[in-house]
Amino acid sequence: MVTVTGQEERRILVQDIPIRPSHLALLPDSRFLLVSGRTFRNETDGVWRPNAVVFSASGAPEREFCVGDDIPALVTDVGGGVWTAYGDEGIYGGHPESGAGLAGWNTRGQASWAPDGRLPDHPLEGCTTATQNEHVWLVWYSGSSRGGTYLTRITPSTGDVTSYRSPVPDPDGFAVRDNRALLTRRHHNKRSVELIRAELDDTTWKVTSRRRLRVPGRVVGRCCQGRDGSLWLRAGNTWLRLEGRTPTGVS
């Protein structure tokens, strides 16, 4: 694993990973989390198998647990909380937290947050995630006749929840700072994405610009992370940081 802080590059050797990772997320004290998007029940006792592993700063596994099934989007917050948005196979697959569509967890594997009827509709699929200071954003779309994609902002310290209609259907990248946002939609298996900028006008996000952005490599699913206004986009073997007008590449 490679982490980049400013101009400093740090490489950590990680061996004997007990899961097939779909997500990587950072934790306080230089720890990190690897999560597989899928899990299954044990046939003998019905217990859900662990699909999340916390690693120390040196790359040694510290703890493993289950954070639900069918996870297309995941992020960690500044306090080390884990936030997940689920797909339809998880929502209708019998796992209790997955069934709610969105969930929050601590690094002991305990559920710490649930929607509890505070969403404008029931989620069908998670799209992407982002953080902004103390806030967490989970982007998802619903499966009801009303349909639509939503941007849900959660404040972990208070539990406050606010949801907005997304100005872009099914984005696969999202980053936000104050009242401005970047969203991306990938051109499947191609070296380009659609880059959309939006602003929050009172209670409505409105698109302010769109452009096609050429990138160094092919863009695949689960390729974006939004952190405090910067959108990190993986294109081939390169990470691009999208912020302002000029993307910055990190190979």
Side-chain angles (χ1 to χ4, degrees), residues 17-28 31-55 61-131 135-144 149-156 159 161 163 170-174 221-226:
I17 300 173
I19 60 172
R20 180 176 294 179
S22 304
H23 304 279
L24 164 67
L26 301 182
L27 296 170
R31 297 176 302 151
F32 58 95
L33 179 74
L34 292 179
V35 177
S36 172
R38 298 306 306 264
T39 185
F40 303 93
R41 287 178 186 265
N42 288 324
E43 294 182 359
T44 54
D45 56 14
V47 175
W48 293 90
R49 298 175 186 174
N51 63 340
V53 184
V54 175
F55 290 85
E62 292 184 339
R63 182 180 297 112
E64 60 181 44
F65 48 88
C66 180
V67 288
D69 184 34
D70 191 12
I71 308 169
L74 177 148
V75 73
T76 50
D77 63 34
V78 293
V82 182
W83 299 85
T84 45
Y86 299 96
D88 59 347
E89 292 187 41
I91 290 170
Y92 297 105
H95 189 281
E97 281 75 28
S98 301
L102 310 178
W105 305 83
N106 62 30
T107 51
R108 296 184 299 278
Q110 300 167 329
S112 60
W113 181 90
D116 293 331
R118 292 174 289 179
L119 301 177
D121 208 342
H122 191 77
L124 178 67
E125 184 79 19
C127 299
T128 186
T129 55
T131 59
H135 303 298
V136 173
W137 292 79
L138 301 178
V139 183
W140 54 276
Y141 63 81
S142 72
S144 73
T149 302
Y150 294 90
L151 314 175
T152 292
R153 184 185 67 199
I154 303 162
T155 306
V161 180
S163 294
D170 310 341
D172 49 46
F174 175 71
R222 300 174 182 173
C223 60
C224 297
Q225 295 185 14

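One-based numbering along the sequence shown.
Classified by interplanar angle (parallel below 30°, tilted 30° to 60°, perpendicular above 60°), the ring pair Phe32/Phe55 is parallel.
When every heavy atom of Asn51 is checked against every heavy atom of Arg38, the shortest pair comes out as CB-O, 3.7 Å.
Between Trp137 and Phe174, the gap from one ring centroid to the other is short of 6.0 Å. Here Trp105 and Trp83 keep their ring centres 6.0 angstrom or further from each other.
In this structure, Asp77 CG and Ile154 CD1 are separated by 10.0 Å, a value rounded to the nearest 0.5 Å.
Put simply, the side chain of Thr39 never gets that close to the backbone of Trp48: no donor and acceptor are under 3.5 Å apart. Although no hydrogens or angles enter the test, the distance criterion places no donor-acceptor pair under 3.5 Å between the side chain of Arg153 and the main chain of Val136. Counting only distance, with no hydrogens or angles, the side chain of Ser36 and the backbone of Ser22 share no donor-acceptor pair below 3.5 Å. Formation of a donor-acceptor pair under 3.5 Å by the Thr129 side chain with backbone atoms of Leu74 is found in this model. Checking side-chain atoms of Asp69 against main-chain N and O of Gly90 turns up no donor-acceptor pair under 3.5 Å. Remark: side-chain polar atoms of Asn106 are paired, donor with acceptor, to backbone N or O of Gly109 under 3.5 angstrom. Panel note: side chain Asp45, backbone Val47; a donor-acceptor pair is recorded below 3.5 Å.
Residues Asp170 and Thr149 have side chains that bring a donor and an acceptor to within less than 3.5 angstrom of each other.
The closest side-chain heavy-atom distance from Ser144 to His122 is not below 4.5 Å.
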